> 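One structure, pasted below without further comment.
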Amino acid sequence: LLIDWINTTLKEEHIVVRSLEEDLYDGLVLHHLLENLGSLKLDVDKIALTEKKQRQKLSVILEAVAKCLQLEESQLKWSVESILTKDLLSTLHLLVAIAKHFKPNLAMPPNVQVETITIENTSRGLKTRNAVEYITGSKENLEAQSQDDAFDELFSRAPDKLDAVKKVFLQFVNQHIEKLGLNVKDIESQFADGVILLLLIGQLEGYFLNLRDFFLTPSSTTEMV
């Protein structure tokens with residue numbers, strides 16, 4: 001997704017990215033990307049051939065990113081050194097942060113996480129440490145999603161209030177579809193074939209649904225699906 005997004009953004013500049021590790025470490029693509037997305041004018045050379053120049057260029061670019069995204073140094077999940085040494089996780093964190101800021105509507109897959117193994121050479125031998133790295137989301141987000149939502153709570157803790165909730169929904173639905181001469185009295189049975197749901201969406205979004213696109217009176221499960 002990130003590669004496609006970068007290539008689409010930089011298509012007019014004839015820049016093609018095939019590998020995030022190999023194509024972003026020297027700052028060239030990042031430079032073009034930021035100028036294109038944020039209209040940022042960075043005071044660095046377009047092409048940096050030596051490692052020293054690349055390090056200087058990345059330093060300017062990453063400073064601009066942190067300033068633009070209003071991030072403190074402690075919040076950064078990347079560094080000049082990690083990008084320069086082609087660290088994939090750092091590169092992903094950087095690109096995701098840029099995308100979320102400049103392109104919030106990009107269809108980023110949620111809660112992407114990877115397991116990492118850190119190996120350290122100590123006087124007693126190799127020491128390994130396992131961890132989970134969250135790329136698009138956080139541990140807190142995952143924990144929040146795993147908890148019951150309001151309807152789970154309603155079914156499990158207050159089933160006696162279910163009828164009251166149904167009544168509110170019925171009023172809401174009928175308020176909109178009565179304009180079509182329709183009336184819903186039972187949510188389970190009348191929503192089962194999808195027709196009321198389609199018509200309700202059309203009313204809420206303010207557009208006309210072509211009746212040839214679906215079965216207005218479905219008579220089989222296939223037609224309902």
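All values derive from a computational prediction rather than experimental measurement.
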> Are the side chain of D193 and the backbone of P218 linked by a donor-acceptor contact shorter than 3.5 Å?
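No; zero donor-acceptor contacts below 3.5 Å.
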> Going only through I, L, V, M, F, W and Y residues with side-chain contacts under 4.5 Å, is there a path from L204 to L182?
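Same hydrophobic cluster.
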> Under a 3.5 Å distance rule, please check whether Q75 uses its side chain to pair with a backbone N or O of E72 as donor and acceptor.
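Looks like yes, one N/O pair under 3.5 Å.
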> When rounded to the nearest 0.5 angstrom, what is the spacing between CD1 in I15 and CG in L10?
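Reported to 0.5 Å precision, the distance equals 5.0 Å.
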> Check D23 against V29 and note the closest heavy-atom contact, atom names and distance.
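Nearest heavy atoms, D23 then V29: O-CG2, 3.3 Å.
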> Strictly distance-based, threshold 3.5 Å: is any side-chain N or O of Q190 a donor or acceptor partner for the main-chain N or O of D186?
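Indeed, once roles are kept as given, a pair shorter than 3.5 Å links the two residues.
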> In this structure, are over 12 heavy atoms from other groups packed under 6.0 Å from L211 atom CG?
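Check passes, neighbour count above 12.
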> Kindly indicate whether the side chain of V184, heavy atoms from C-beta on, has any atom under 4.5 Å from the side chain of I177.
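Yes. Closest side-chain heavy atoms under 4.5 Å.
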> Over all heavy atoms of both residues, which pair between E178 and N183 is shortest? Give the atoms and the distance, please.
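Closest approach of E178 to N183: OE2-ND2, 3.8 Å.
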> Taking atom CG of L84 and atom CD of Q54, what is their separation to the nearest 0.5 Å?
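Separation between the atoms: 6.0 Å.
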> I need the minimum non-hydrogen distance between F214 and L199, along with the two atoms involved.
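F214 and L199 have their closest heavy atoms at CZ-CD2, 4.2 Å.
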> Examine distances only and state if a side-chain atom of E223 and a backbone atom of S219 form a donor-acceptor pair shorter than 3.5 Å.
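Indeed, once roles are kept as given, a pair shorter than 3.5 Å links the two residues.
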> Apply the test side-chain contact (heavy atoms from CB on, under 4.5 Å) to residues F191 and V173: give CA-CA distance (whole Å), side-chain angles for both, the deciding distance (0.1 Å), then the verdict.
CA-CA 11 Å; F191 269 82; V173 172; 3.9 Å; yes
> Pick one: which of L34, L33, N36 meets side-chain contact (heavy atoms from CB on, under 4.5 Å) with F102?
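When side-chain contact (heavy atoms from CB on, under 4.5 Å) is applied between F102 and each of L34, L33, N36, only L34 qualifies.
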> For atom CD of E120, is the number of surrounding heavy atoms from other residues, nucleotides or ligands below 6.0 Å larger than 12?
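Atom CD in E120 is crowded, with more than 12 foreign heavy atoms closer than 6.0 Å.
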> Measuring from atom CG of D26 to atom NZ of K86, what distance do you get when rounded to the nearest 0.5 angstrom?
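Here the interatomic distance stands at 9.0 Å.
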> Which pair of heavy atoms, one from Y207 and one from I201, lies closest together, and at what distance?
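Heavy atoms of Y207 and I201 come nearest at OH-CG2, 3.3 Å.
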> Quick one: NZ on K167 to CD on Q171, what's the gap to the nearest 0.5 Å?
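Output value for this atom pair is 6.0 Å.
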> Say you draw a straight line from CD of Q203 to CD1 of I196; how long is it, rounded to the nearest 0.5 Å?
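Taking CD in Q203 and CD1 in I196, the distance rounds to 11.0 Å.
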> List the steps and the verdict of salt bridge (Lys or Arg N to Asp or Glu O under 4.0 Å) for E51 and R55.
CA-CA 6 Å; E51 186 178 318; R55 185 175 270 105; 3.4 Å; yes
> Is it true that the side chains of T85 and E81 contain a donor and an acceptor less than 3.5 Å apart?
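Not at all, the side chains of T85 and E81 share no donor-acceptor pair under 3.5 Å.
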> Nearest heavy-atom pair of N7 and V17: which atoms, and what distance?
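Closest approach of N7 to V17, heavy atoms only: OD1-N, 2.6 Å.
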> Side chains of E188 and K166: closer than 4.5 Å at any heavy-atom pair?
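Yes; the side chains approach each other to less than 4.5 Å.
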> What are the two closest heavy atoms between M108 and L1, and how far apart are they?
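Looks like CA-CD2, 3.7 Å.
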> Output a table of donor-acceptor pairs, distance under 3.5 Å, between side-chain atoms of residues 87-98 and any protein atom two or more places apart or on a different chain; print 'none' if there are none.
residue, atom, partner, partner atom, Å
D87, OD1, L89, N, 3.3
D87, OD1, S90, N, 2.8
D87, OD1, S90, OG, 2.9
S90, OG, S82, OG, 3.1
T91, OG1, D87, O, 2.9
H93, NE2, E133, OE2, 2.8

> Is M224 reachable from I187 through a run of I, L, V, M, F, W or Y residues, each pair having side-chain heavy atoms under 4.5 Å apart?
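No.
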> What distance do N121 atom CG and I119 atom CD1 have between them, rounded to the nearest 0.5 Å?
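Interatomic distance, N121 CG to I119 CD1, rounded to 0.5 Å: 10.0 Å.
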> Under 4.5 Å between side-chain heavy atoms, hopping through other hydrophobics if needed: is there a path connecting L200 to L216?
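In one cluster with L200: L216, yes.
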